[in-house]
Enquirer: 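One structure, pasted below without further comment.
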Amino acid sequence: MIRTRFAPSPTGYLHIGGVRTALFNWLFARKHGGKFLLRIDDTDAQRNVNEALAPILHGFRWLGLDWDEGPEVGGPFGPYYQSQRMDVYRSAAEKLLAAGFAYRDFATTEEIQAEREAAEREKRQFTYSRRWMAETEADCKRFESEGRAAVVRLKMPREGTLAIDDLIRSRVDFDWAREQDHVIQRADGTCLYHLASVVDDHDFQISHVIRAEEHLSNTPRQVFIAQGLGYPLPQYAHLPYVAEPGSRNKLSKRKLDKYLKNPDFAKLNEHGQKIAAAIGLAASAETFNPVIVDFYEQVGYLSDAVINYLLLLGWSLDDKTEDFTREEMIAAFSLDRVNKAPASFDPAKLASFQERAMQRMPAKQKVAFVLPYLQRAGIVSSPPPCDIGPKLLALVEAAGDRVKIGGDILEYADFIAPADALDYDDKAVQKRIVKPPEAVELLTKFREHLAKVEPFDAATLDRALHAFVESEGIAIGQIVHATRVAVTGKGVGFGLFETLALLGRERCLGRIDQTLRKVRAS
RNA sequence: GGCCCCGUCGUCUAGCGGUUAGGACACCGGCCUUUCACGCCGGCAGCACGGGUUCGAUUCCCGUCGGGGUCACCA
């Protein structure tokens with residue numbers, strides 16, 4: 001039975017790199033009919049775990065990465081919170097102690113630090129002297145009488161090598177002598193990550209530990225723990241990490257300022273911030289930025305696009321396939337096609353997956369997708385008025401591919417809740433109405449035609465305008481642009497006939513009049 | 001700095017001894033068109049370097065260089 005896990009620590013947000021790791025775990029489990037579980041690494045948690053975990057679980061649900069065991073869903077090996085398994089780790093530490101694979105250490109932090117600094121000064125590798133190691137009851141008594149408290153350290157081998165068979169990197173060798181006697185249990189009795197992780201992976205029967213490369217150098221000590229405890233080793237697969245846009249550094253939330261200097265990243269962020277502001281989202285950079293998955297959900301990315309993009313960050317099927325449904329990616333996924341080199345996160349490529357995903361979405365579905373943005377921006381009431389359906393459908397159809405992410409609909413809110421005063425693009429007004437000598441006259445004439453067009457729909461308007469062009473003996477461009485600017489204030493937008501129909505006769509006439517007055521006055 | 005990992009267009013990648021080094025995103029042209037967007041066509045652009053091995057190296061080996069990860073009583 002294949003069993004994989006993703007082990008987030010409750011930090012309050014879901015990191016994009018973490019999702020990629022989780023995705024590969026999920027895919028591997030699904031592909032082999034195994035189980036994917038979520039384990040909460042909260043050994044160090046000072047905060048409210050549930051509160052910090054909620055956004056993470058929410059992110060998983062949004063992405064469609066369902067877990068078979070873990071928080072909220074439970075499972076046969078629960079609880080899946082490390083903070084609730086401290087006694088298990090403690091007895092593992094006892095076992096290690098009894099077997100001589102660990103020892104109680106009474107050194108103070110300062111003493112260890114002094115040894116470390118001495119080694120550094122002498123330019124040699126730091127290896128703990130084990131001077132305060134207590135292996136007998138008498139030793140313990142003696143140290144305790146000095147007022148010292150003990151932590152538990154691993155008694156690492158000081159010679160020999162360890163070969164790790166990694167599913168992605170194949171064989172990796174380590175010298176035991178380079179390893180430190182890591183602390184696995186604090187003086188207060190709480191246990192640390194490495195011990196907890198190994199014990200959990202064993203107890204939860206994890207068959208494949210698929211995690212980011214930064215854990216590769218932790219693996220020897222984990223192997224040591226596992227072997228000391230008599231556990232069979234899981235298969236390891238160390239994934240390349242997700243790198244910063246345009247660089248090879250590991251993507252990190254803390255370096256946001258730096259990423260913002262990348263034009264594509266900055267553009268994505270700015271776009272998102274604008275939408276967030278419009279829908280009244282309290283968006284501090286801490287909780288809302290393109291490194292955090294929630295950002296994409298909030299601004300209207302499709303989870304399929306995000307997943308598809310992430311899939312290809314470090315994995316590929318062949319030389320051409322890029323679009324995968326969930327079923328296809330599950331069927332196609334394999335660890336041996338995972339790349340070794342880090343892959344940098346490219347917002348522009350993500351955007352192209354998003355565009356394609358939006359293009360595949362039927363208009364009716366798009367209406368439902370886009371509606372909440374209008375509601376949150378206060379443009380459409382909740383519950384929505386009953387005639388909103390057809391109106392929105394017409395808008396979505398007219399907008400076509402211009403709505404690339406959900407929040408983009410707000411750009412066109414004017415068609416749903418028209419503003420009283422037009423926001424004019426003065427350059428467009430100059431170019432299309434003021435400058436062409438005949439524009440005002442033509443616009444005035446065409447306005448009278450518009451007043452009579454019946455019905456006021458796109459097809460009829462199309463015919464009416466062409467008839468007008470013919471009777472006036474003008475080029476179509478002479479009236480189309482002027483009209484668009486007159487009714488929208490802008491030089492660019494939807495097809496003219498859709499625009500007119502969307503606005504309705506009264507509004508079109510009113511706006512043309514308004515524009516004409518403005519132009520004549522100046 | 002020690003240890004470990006990695007190195008094909010700007011970016012994501014295909015390639016597993018013989019290819020005009022392929023695709024995608026981005027970018028640049030053009031077409032379509034009432035603008036924008038879409039779409040279509042075309043273009044630019046890469047094997048880090050040096051030694052081997054071999055009839056032949058992007059591909060295998062070694063070295064150099066470069067990039068990165070990691071060195072906690074964090075996870």
Side-chain angles (χ1 to χ4, degrees), chain A residues 7-11 41-45 82 105 107-109 112-113 116 119-120 123-126 149 151-153 164 166 168-169 172-175 177-180 182-188 190-194 196-197 211-220 238 240-241 243 245-250 263-264 309 312-323 337 339-353 355 359 399-404 428 431-432 462 465 469 475-485 488 490-497 499:
Chain A
S9 50
T11 53
D41 282 14
D42 56 349
T43 51
D44 195 39
Q82 292 194 325
D105 181 54
T108 62
T109 315
I112 294 283
Q113 190 53 32
R116 190 172 279 134
E120 212 163 296
K123 296 203 192 305
R124 60 176 166 80
Q125 186 205 297
F126 165 65
V151 299
V152 177
R153 283 184 188 277
I164 292 167
D166 189 278
I168 292 167
R169 277 151 224 286
V172 184
D173 293 304
F174 293 91
D175 283 337
R178 304 277 171 199
E179 296 296 316
Q180 300 298 328
H182 280 95
V183 174
I184 54 173
Q185 185 173 22
R186 298 183 180 96
D188 68 3
T190 58
C191 292
L192 266 10
Y193 166 75
H194 292 294
S197 186
R211 57 182 13 171
E213 183 199 331
E214 66 224 55
H215 287 287
L216 185 56
S217 53
N218 299 153
T219 308
H238 287 92
Y241 53 86
S247 118
R248 290 256 110 102
N249 293 37
K250 192 174 78 172
D264 290 332
Y309 171 67
L312 265 13
L313 216 48
W315 180 88
S316 68
L317 175 63
D318 54 30
D319 59 341
K320 45 181 72 72
T321 317
E322 289 225 317
D323 289 327
R337 290 201 60 86
N339 255 29
K340 287 191 180 108
S344 55
F345 176 71
D346 180 2
K349 184 129 186 175
L350 203 209
S352 87
F353 278 94
E355 279 180 44
Q359 285 171 355
D401 296 332
R402 294 171 187 83
V403 176
K404 297 182 195 303
K431 181 176 174 194
R432 299 304 193 182
D462 191 337
L465 182 129
V469 164
I476 192 164
Q478 288 176 275
I479 187 63
V480 164
H481 302 298
T483 308
R484 178 182 291 105
V485 173
T488 66
K490 307 280 190 301
V492 299
F494 304 162
L496 180 62
F497 311 118
T499 301

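All values below were derived from every heavy atom in this structure, side-chain atoms included, with hydrogens, water molecules and symmetry-related copies excluded. Residue numbering restarts at 1 for every chain, and letters A, B, ... go by the order of the sequence lines.
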Enquirer: Can you tell me the base-pairing partner of B:G42? Count Watson-Crick or G-U wobble geometry only, both distances below 3.5 Å, and say none if there is no partner.
Expert: B:C28
Enquirer: How long is the span from the NE2 atom in A:His238 to the CD1 atom in A:Ile168, to the nearest 0.5 Å?
Expert: 9.0 Å
Enquirer: So what's B:G1 paired with, Watson-Crick or G-U wobble, going by both distances under 3.5 Å?
Expert: B:C71
Enquirer: Give none if B:U58 has no partner; otherwise give the nucleotide forming a Watson-Crick or G-U wobble pair with it, both distances under 3.5 Å.
Expert: none
Enquirer: Name the closest nucleotide to the A:Leu192 side chain, picking from B:A26, B:A72, B:A75.
Expert: B:A75
Enquirer: Out of B:C73, B:U34, B:C25, which has the shortest distance to the side chain of A:Arg153?
Expert: B:C73
Enquirer: Write down the distance separating the C1' atoms in B:A21 and B:C28, rounded off to the nearest Å.
Expert: 23 Å
Enquirer: Taking CG from A:Asp318 and P from B:G22, how many angstroms apart are they, rounded to a whole number?
Expert: 16 Å
Enquirer: In the structure shown, which nucleotide is the Watson-Crick or G-U wobble counterpart of B:U35, with both distances under 3.5 Å?
Expert: none
Enquirer: To the closest 0.5 Å, what do you measure between CG (A:Leu317) and CG (A:Asp319)?
Expert: 9.0 Å
Enquirer: Could you work out, with side-chain hydrogen bond (donor to acceptor under 3.5 Å, both in side chains) as the rule, every residue matching A:Lys250, not counting sequence neighbours?
Expert: A:Glu214
Enquirer: Between the protein and nucleotides 7-11 of chain B, which nitrogen or oxygen pairs are less than 3.5 angstrom apart?
Expert:
residue: B:U11; atom: O3'; partner: A:Ser344; partner atom: OG; Å: 2.9

Enquirer: Using the C1' atom on both, measure B:A48 against B:G43 and round to a whole Å.
Expert: 26 Å
Enquirer: Once you round it to whole Å, what is the distance between P of B:A72 and CD of A:Glu120?
Expert: 10 Å
Enquirer: State the CZ-OG1 distance between A:Arg432 and A:Thr483, to the nearest 0.5 angstrom.
Expert: 11.0 Å
Enquirer: With side chains defined as the heavy atoms from C-beta onward, is the minimum distance between A:Arg169 and A:Pro240 less than 4.5 Å?
Expert: yes
Enquirer: Give one of base, sugar-phosphate or nothing for A:Glu214, where a contact means two heavy atoms less than 4.0 Å apart.
Expert: sugar-phosphate
Enquirer: Whom does B:G66 pair with, Watson-Crick or G-U wobble, provided both distances fall under 3.5 Å?
Expert: B:C6
Enquirer: Rounded at 0.5 Å granularity, tell me how far CZ in A:Arg402 sits from CZ in A:Phe494.
Expert: 6.0 Å
Enquirer: What's the CZ-P distance between A:Phe174 and B:C4, to the nearest Å?
Expert: 8 Å
Enquirer: According to the Watson-Crick and G-U wobble definitions, with both distances under 3.5 Å, which nucleotide is paired to B:U19?
Expert: none
Enquirer: Rounded to the Å, how far apart are A:Glu213 CD and B:C3 C1'?
Expert: 13 Å
Enquirer: Hey, does A:Arg402 reach any base, or is it just sugar-phosphate, or nothing, if we go heavy atoms under 4.0 Å?
Expert: base
Enquirer: How close or far is atom P of B:C74 from atom CD1 of A:Ile184, stated in whole angstroms?
Expert: 13 Å
Enquirer: Calculate, to the nearest 0.5 Å, the distance between atoms OG and CZ belonging to A:Ser217 and A:Phe174 respectively.
Expert: 6.5 Å
